[in-house]
Structures are given as C-alpha cells and as structure tokens.
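Structure record follows, encoded as structure tokens.
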Amino acid sequence: MLIVETERLILRNWQDEDRNLFYEINRDEKVMEFFPLRRSHAECDILFDRNRDMISETGLGFYALTDRVTNEAMGFCGLSPVDLPGILPEGAIEIGWRLATRFWGRGYVTEAASRLIEYARADLRLPDVHAFAVDRNHRSIAVTQRIGMQRLIGQDFDHPKVPETHPHLKRHVLFRTQFESIEIRTR
C-alpha cells in the first residue's frame with residue numbers, strides 16, 4: 001500500500017523483506033538514544049505486525065520510508081494515533097520517525113515529514129498534527145522546526161510511559177501544526 005511519494009522517497013506499508021531494517025532501527029543504540037528500551041527480535045516482530053496491520057486497516061501508522069529508486073527501506077516516518085490523556089486531546093495524531101544511522105544527514109526525514117504534513121492537511125483533512133520529543137533530542141526537535149511545527153510553550157510534559165528508571169528521558173517538548181479550516185464548497 002503506497003501512502004505518499006516525494007522526489008526521492010516512497011512511504012508505504014511494511015513488507016516482510018523490511019523486517020531486518022525494522023530490527024536494526026529498534027535496537028540501534030544511536031537511533032534509540034532517547035528511548036528507554038531496546039526491543040528483542042520477538043518484540044520487534046510483534047510491533048512490526050501490529051503497525052503493518054494498523055496501516056492496512058486505517059491508513060495510519062509509521063510507514064516504511066523507502067528509497068524511490070531501489071525500494072530499500074531506510075526507516076520509518078508516519079502519522080499515528082497517540083494516547084496521552086491529559087496531555088493531548090482524544091483522537092490526536094502524532095508524526096514520528098526513525099532512520100537507520102547510515103542514512104542520517106541526507107534530509108530524508110525532513111523530506112518525508114514535510115510531505116506527510118501536507119498529506120495530513122490536504123488528503124486526510126486533519127485539524128492538526130502533534131509531535132513530541134525528549135527535551136535534549138536536538139535532532140528531532142530540529143526536524144519539527146524545519147517542517148514548520150510550532151512548539152507549544154508552557155506545555156512541556158513528563159512522558160507517563162517513560163519508566164522512573166530513566167528520569168533523563170521523561171521530560172518532553174510538544175509541537176503542533178494546526179491547519180486552517182478547509183472550506184468545502186457544495187453546488
């Protein structure tokens with residue numbers, strides 16, 4: 001299932017041949033620097049299947065980010081429902097990404113995320129999209145700024161799903177892109 005394309009990239013649903021890349025990005029110490037856990041192969045398989053099924057069923061999820069020419073999966077970038085009661089409204093959609101380190105520094109995430117923001121506005125007609133990151137995750141924060149998201153000042157939060165054993169990963173900054181209402185004309 002193709003979601004969107006850019007000049008260099010395709011965002012699509014996951015395929016079985018993408019599993020090794022999925023293992024890689026969910027276990028790599030650099031990629032997962034701001035996450036409290038590294039997943040086993042079995043945990044990655046469960047997450048991979050759950051994400052692929054959600055994309056098939058709803059069109060939302062963390063899509064495989066692939067090279068347009070080779071179809072090689074490099075990571076993910078997607079739009080997914082997020083459940084953070086008291087922090088985000090019910091039904092909120094987040095944009096998120098992970099990229100294998102060998103593909104860092106080439107602008108792939110910014111390119112994919114920019115296209116997904118436009119897709120969320122024009123095709124999905126979402127009212128807004130949120131992003132959040134550990135307050136020290138300067139790489140992700142820079143991407144949110146490059147794609148035009150606004151930091152919600154005064155709405156930093158301690159992520160309730162980060163265990164107390166990782167206090168340095170609890171504090172998150174919150175961003176949002178709010179779309180102007182789209183007038184639908186009828187004849």
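- Cluster annotation: Leu116 and Leu124 are assigned to the same hydrophobic cluster (Ile/Leu/Val/Met/Phe/Trp/Tyr, side-chain heavy-atom contacts under 4.5 Å, transitive).
- Between Glu164 and Lys170, at least one side-chain N (NZ, or NE/NH1/NH2) sits under 4.0 Å from a carboxylate O, which counts as a salt bridge.
- Under a hydrophobic clustering in which Ile, Leu, Val, Met, Phe, Trp and Tyr are joined whenever their side-chain heavy atoms come within less than 4.5 Å, directly or via other members, Val4 and Val129 fall into the same cluster.
- The closest side-chain heavy-atom distance from Ile87 to Pro160 is below 4.5 Å.
- Put simply, the side chain of Leu174 reaches to within 4.5 Å of the side chain of Leu88, judged on heavy atoms.
- Not a single donor-acceptor pair under 3.5 Å links the side chain of Thr6 to the backbone N or O of Ala112.
- In this structure, Tyr119 and Leu11 have side chains that are not in contact, with every pair of non-hydrogen atoms separated by 4.5 Å or more.
- Screening residues 71-86 for side chain to side chain donor-acceptor pair (under 3.5 Å), with sequence neighbours left out, gives Arg12-Asn71.
- The distance from atom CG of Leu169 to atom CG of Asp135, rounded to the nearest 0.5 Å, is 9.5 Å.
- Pro36 places none of its side-chain heavy atoms less than 4.5 Å from the side chain of Thr165.
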May I have the step-by-step check of side-chain contact (heavy atoms from CB on, under 4.5 Å) for Leu47 and Arg39, ending in yes or no? CA-CA 9 Å; Leu47 185 60; Arg39 290 183 169 88; 3.6 Å; yes

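- Closest approach of Asp128 to Gln178, counting heavy atoms only: CB-CA, 3.8 Å.
- When all heavy atoms are compared, the tightest approach of Leu60 to Pro81 is CB-CD, 4.1 Å.
- Atoms CD and CZ, on Gln155 and Phe132 in that order, are 13.5 Å from each other to the nearest 0.5 Å.
- Side-chain contact between Leu65 and Trp97 is absent, with no heavy atoms from C-beta onward closer than 4.5 Å.
- Comment: Arg115 does not engage Glu118 in a salt bridge, judged by the lack of any side-chain N to carboxylate O separation of less than 4.0 angstrom.
- Ile141 approaches Ala133 most closely through the heavy-atom pair CG1-CB, 4.3 Å.
- Remark: Ser140 OG to Ile95 CD1 distance equals 11.0 Å, nearest 0.5 Å.
- The ring pair (Phe, Tyr, Trp, His ring centres under 6.0 Å) analysis of residues 49-88, with sequence neighbours excluded, yields the pairs Phe62-Phe76.
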Hey, mind stepping through His159 and Leu84 against side-chain contact (heavy atoms from CB on, under 4.5 Å) and telling me if it holds? CA-CA 8 Å; His159 200 300; Leu84 287 173; 3.7 Å; yes

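- Under the 4.5 Å side-chain contact rule for hydrophobic residues, Val173 and Val82 do not share a cluster.
- The closest donor-acceptor contact from the side chain of Glu111 to the backbone of Arg8 lies under 3.5 Å.
- At a threshold of 4.5 Å between non-hydrogen side-chain atoms, the residues Phe48 and Leu21 do not count as touching.
- Atom CD of Glu94 is separated from atom CZ of Arg176 by 15.5 Å, given to the nearest 0.5 angstrom.
- Using modelled atom types, no side-chain atom of Arg52 and backbone atom of Asn13 make a donor-acceptor pair closer than 3.5 Å.
- Grouping the Ile, Leu, Val, Met, Phe, Trp and Tyr side chains by contacts below 4.5 angstrom, directly or via other members, places Phe175 apart from Phe157.
- Interatomic distance, CD1 of Ile10 versus CD1 of Ile3, reported as 11.5 Å (0.5 Å rounding).
- By the neighbour-count criterion of 12 heavy atoms within 6.0 Å, atom CD of Glu17 is densely surrounded, having more than that number from other residues, nucleotides or ligands.
- Two different hydrophobic clusters hold Met149 and Val134 under the rule that ILVMFWY side chains link at heavy-atom gaps under 4.5 Å.
- Checked by atom type and distance alone, the side chain of Asp28 never pairs as donor or acceptor with a backbone atom of Ile25 at under 3.5 Å.
- Heavy-atom minimum distance, Ala92 versus His130: CB-ND1, 4.2 Å.
- For the side chain to side chain donor-acceptor pair (under 3.5 Å) with Asn26, the qualifying choice from His41, Arg98, Glu43, Arg38 is Arg98, the only one to do so.
- Among all heavy-atom pairs drawn from Thr66 and Ala73, the shortest one is CG2-CA, 3.7 Å.
- Residue His168 holds its NE2 atom at 6.0 Å from CZ of Arg136, rounded to the nearest 0.5 Å.
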Give every donor-acceptor pair under 3.5 Å between a side-chain atom in residues 100-107 and any protein atom, sequence neighbours left out.
residue: Arg102; atom: NH1; partner: Glu24; partner atom: OE1; Å: 2.9
residue: Arg102; atom: NH1; partner: Glu24; partner atom: OE2; Å: 2.4
residue: Trp104; atom: NE1; partner: Leu99; partner atom: O; Å: 2.8
residue: Arg106; atom: NH2; partner: Arg102; partner atom: O; Å: 3.1

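- Annotation for Leu79 and Ala120: closest pair CD1-CB, 4.0 Å, computed over non-hydrogen atoms.
- Ion pair Asp49/Arg19 flagged as a salt bridge, since at least one NZ, NE, NH1 or NH2 atom sits closer than 4.0 Å to an Asp/Glu carboxylate oxygen.
- For the pair Arg171/Asp158, a side-chain contact is recorded, criterion being any heavy-atom separation below 4.5 Å from C-beta on.
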